[in-house]
Number of protein chains: 2
Amino acid sequence: MPELPFTLDQLRILKAIAEQGSFKKAANLLFITQPAVSLQIQNLEKQLNITIFDRGGRKALLTEAGQILLEYCQRILNQCDEACKAVEDLNSLKGGTLIIGASQTTGTYLMPRMIGLFRQKYPDVSVQLQVHSTRRTGWSVANGQIDLGIIGGQLPPELENLLHITPYATDELALVLPSKHRLSKEKELVKEDLYTLSFVTLDSQSTTRKVVDELLKNSGLDIQRLKIEMELNSLEAIKNAVQSGLGAAFLPVVSIERELASGTIHKPSITDLGVKRELKLITNPSRYTSKASKAFKKDILPQFSSFKNK
Amino acid sequence: MPELPFTLDQLRILKAIAEQGSFKKAANLLFITQPAVSLQIQNLEKQLNITIFDRGGRKALLTEAGQILLEYCQRILNQCDEACKAVEDLNSLKGGTLIIGASQTTGTYLMPRMIGLFRQKYPDVSVQLQVHSTRRTGWSVANGQIDLGIIGGQLPPELENLLHITPYATDELALVLPSKHRLSKEKELVKEDLYTLSFVTLDSQSTTRKVVDELLKNSGLDIQRLKIEMELNSLEAIKNAVQSGLGAAFLPVVSIERELASGTIHKPSITDLGVKRELKLITNPSRYTSKASKAFKKDILPQFSSFKNK
DNA sequence: ATAAATTATAAATAATTGTTAATTAGAAAT
DNA sequence: ATTTCTAATTAACAATTATTTATAATTTAT
């Protein structure tokens with residue numbers, strides 16, 4: 001290896017001698033023997049072909065070359081210290097960035113709370129949220145563009161074996177009605193009641209819509225028989241539409257917690273229909289997992305888990 | 001020794017991998033084998049407790065921690081390179097400072113030419129001239145505040161054994177007369193003529209004056225019999241006084257070369273008086289001698305030497 | 001699936017670095 | 001001046017660390 005003319009240890013010794021004014025004191029400071037100090041300085045002088053110290057006097061004094069070298073030495077060692085600190089901060093989660101991917105629904109309704117909690121616990125780690133389709137989120141995790149993904153929908157099958165999937169909660173797909181709707185008086189509905197309603201839905205392209213349709217179909221509902229009043233392009237728009245009495249809708253409970261609490265929307269149970277979807281954290285096991293990412297999974301996710309364990 | 005968490009070699013390897021995108025290419029670049037690269041990076045990761053590279057893909061990609069570390073790495077290695085260059089420049093006399101001490105006379109009349117020559121030859125070495133008494137110059141050389149001294153007078157005896165003294169020329173103490181002085185017609189004077197003249201001298205405190213008096217006394221001149229017309233505080237002032245016809249003076253020839261050449265001052269020889277003083281370079285043999293100092297002694301001094309050798 | 005390439009691992013060797021012990025050199029003190 | 005004490009150098013040895021060679025495990029590309 002085309003060698004560097006000095007080592008960090010040599011610079012450290014140089015600095016110590018300059019500070020202490022003596023080889024011996026420098027040796028004590030560094031917890032090595034004094035000959036080791038002599039040898040290293042001799043090597044340094046040989047390698048750089050300069051004289052660094054005027055020895056022999058009461059003190060070891062720097063020559064001009066030594067002074068010049070010392071200046072660089074200080075700067076270099078400072079940088080090294082800084083580098084160490086930066087790495088330590090990263091290790092202790094006092095720095096760094098966590099990049100999270102999320103789908104529309106989780107990104108809008110879940111992530112703000114999750115990120116809030118995370119930042120509360122690790123205020124020095126910056127968090128970046130990228131909201132994309134479930135599919136794209138999956139690929140981003142796969143190729144390492146993001147640290148982890150929080151999704152609701154189903155991943156493309158080719159990604160399912162590649163990524164590590166951690167279900168942590170179920171999000172119920174709830175039927176919501178305008179407060180003043182005639183069926184709002186009822187606590188319990190049955191499947192058949194649904195066919196009497198007009199629905200406001202997401203437009204038929206969106207992943208969430210597909211997930212919803214899939215889930216409803218799987219629960220034995222004939223979605224063709226459901227009457228679609230209008231299609232909108234955001235859950236927020238749908239919520240407003242429902243609140244304005246324009247129709248019923250199936251919405252993820254995570255997205256209507258506020259409205260349920262304030263009673264502006266009604267959510268009756270349906271005895272013979274349980275429409276749930278799994279909320280999952282996805283990570284890439286074949287890639288480096290940052291400390292921040294691990295901390296998210298370990299410290300934040302459990303607080304949103306609807307399962308007992310952990 | 002309380003160990004540093006990394007070595008410069010490791011940083012160099014890190015940088016090479018980041019640049020080349022591959023452990024193998026980095027190994028080739030550094031003329032070491034690939035396992036050596038792997039091992040060093042593993043050590044680095046272990047010591048810092050971070051993962052630096054995402055291996056396994058087509059390329060070795062930096063993790064976040066790796067990127068942060070790389071930034072410091074670059075800065076550190078740049079500083080190292082700079083330090084090397086500074087030291088090299090110092091070695092090849094493309095940098096550094098030469099500090100010269102001189103007494104009044106040499107400092108005023110000799111050093112400008114000497115320094116001019118030196119700077120011509122080594123334009124990148126800066127030169128600092130400190131003009132003090134011979135005595136103080138000697139002490140400065142002794143304690144290393146200046147690299148070398150160029151003096152005319154006699155050193156204090158306690159310094160004579162401590163310092164290395166290199167006589168390189170003799171400076172004649174010449175009698176000078178106004179051009180229109182009655183004695184200016186004569187080519188040769190005798191000692192006795194001096195007692196008929198009025199003299200302009202340096203004030204009686206100055207070292208040079210003392211040296212002059214000493215020299216004249218030693219040449220058998222009764223300095224009490226000399227008539228002092230006035231005392232001035234600089235050779236330049238004395239020169240002007242002489243040129244204005246105010247009197248005669250003893251001046252070092254080095255200080256009146258221009259005036260002799262232009263004929264504004266007359267310098268008759270005195271057959272039975274040879275008043276010479278040694279010009280000497282003094283250095284401190286027990287101290288580090290800078291390259292610049294050696295170069296001065298070797299390359300510049302001989303051009304001012306009145307001796308044959310060298 | 002196989003071939004080519006890259007990285008990791010293991011064992012042996014080489015090199016470096018630190019230590020101890022002995023020596024030399026300087027400074028302070030009698 | 002001689003002695004004494006301290007600090008620095010030198011040399012031999014031990015221990016650690018890095019490098020190499022050889023091989024295995026992965027991964028990508030054909």
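Below, chains carry the letters A, B, ... as their sequence lines are ordered, and counting in each starts from 1.
Taking atom CZ of residue F31(A) and atom P of nucleotide dT19(C), one finds them 12 Å apart after rounding to whole Å. Whole-Å rounding puts the N43(A) CG to dT16(C) P distance at 10 Å. Between L4(B) atom CG and dT17(D) atom C1' the separation is 16 Å, expressed in whole Å. Summarising the geometry, the separation between CG on N28(A) and P on dT6(D) is reported as 13 Å, rounded to the nearest angstrom. Going from atom CD of Q47(A) over to atom C1' of dT16(C) covers 11 Å, rounded to whole Å. The CD atom of Q40(B) sits 18 Å away from the P atom of dT16(D) (whole-angstrom rounding). What separates NZ of K24(B) from P of dT19(D) is a distance of 18 Å, to the nearest Å. Atom pair I13(A):CD1 and dT9(D):C1' shows a separation of 15 Å (rounding to whole Å applied).
Here the options are N28(A), I13(A), L14(A), L29(A), the test is side chain to side chain contact (heavy atoms under 4.5 Å, CB included), and the partner is V37(A); only I13(A) passes.
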Throw together a table of side-chain donor-acceptor distances under 3.5 angstrom for residues 90-106 of chain A, partners on residues two or more places apart or in other chains.
| from | atom 1 | to | atom 2 | distance (Å) |
| --- | --- | --- | --- | --- |
| N91(A) | OD1 | K291(A) | NZ | 3.3 |
| N91(A) | ND2 | L48(B) | O | 3.0 |
| N91(A) | ND2 | N49(B) | O | 3.4 |
| S92(A) | OG | E88(A) | O | 2.9 |
| S92(A) | OG | D89(A) | O | 3.4 |
| T97(A) | OG1 | S126(A) | OG | 3.2 |
| S103(A) | OG | T106(A) | OG1 | 3.0 |
| T105(A) | OG1 | T208(A) | OG1 | 3.4 |
| T106(A) | OG1 | S103(A) | N | 3.2 |
| T106(A) | OG1 | S103(A) | O | 3.2 |
| T106(A) | OG1 | I150(A) | O | 2.9 |

Write down the protein N/O and nucleotide N/O pairs, taken from nucleotides 8-10 of chain C, whose separation is under 3.5 Å; answer none if there are no such pairs.
| from | atom 1 | to | atom 2 | distance (Å) |
| --- | --- | --- | --- | --- |
| dA8(C) | OP1 | R55(B) | NE | 2.4 |
| dA8(C) | OP2 | S38(B) | OG | 2.7 |
| dA8(C) | N7 | Q34(B) | NE2 | 3.2 |
| dA8(C) | N6 | Q34(B) | OE1 | 3.4 |
| dT9(C) | OP2 | Q42(B) | NE2 | 3.3 |

Just the atom pairs and distances: protein N or O near nucleotides 24-26 of chain D's N or O, under 3.5 Å.
none

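For Y72(A), there are no ring-ring contact (aromatic ring centres under 6.0 Å, His included) partners, not counting sequence neighbours. Applying the side-chain hydrogen bond (donor to acceptor under 3.5 Å, both in side chains) test to D81(A) and every residue at least two apart in sequence or in another chain returns nothing. By the ring-ring contact (aromatic ring centres under 6.0 Å, His included) test, F6(A) pairs with no residue at all, sequence neighbours left out. Partners of E214(B) according to the side chain to side chain contact (heavy atoms under 4.5 Å, CB included) rule, which considers only residues two or more places apart in sequence or in another chain, are K217(B), N218(B). Taking Y122(A) as the reference, F118(A) meet the ring-ring contact (aromatic ring centres under 6.0 Å, His included) condition, with sequence neighbours excluded. Every salt bridge (charged side-chain N to carboxylate O under 4.0 Å, His left out) that D299(A) has, sequence neighbours left out, goes to K121(A).
Applying the salt bridge (Lys or Arg N to Asp or Glu O under 4.0 Å) test to pairs two or more places apart or on separate chains, those with a residue in residues 36-48 of chain A are E45(A)-R55(A). Residue pairs satisfying the salt bridge (Lys or Arg N to Asp or Glu O under 4.0 Å) criterion with at least one member in residues 15-37 of chain B, sequence neighbours excluded, are listed as follows: K15(B)-E19(B).
From one end of the helix from dA1(C)-dT30(D) to dT30(C)-dA1(D) to the other, with five pairs defining each end axis, the axis direction shifts by 30° (rounded to 10°).
Scanning both residues, L77(A) and R12(A), for their nearest heavy atoms gives CD1-CA, 3.9 Å.
The side chain of T33(A) contributes no N or O atom lying less than 4.0 Å from OP1 or OP2 of dT20(C).
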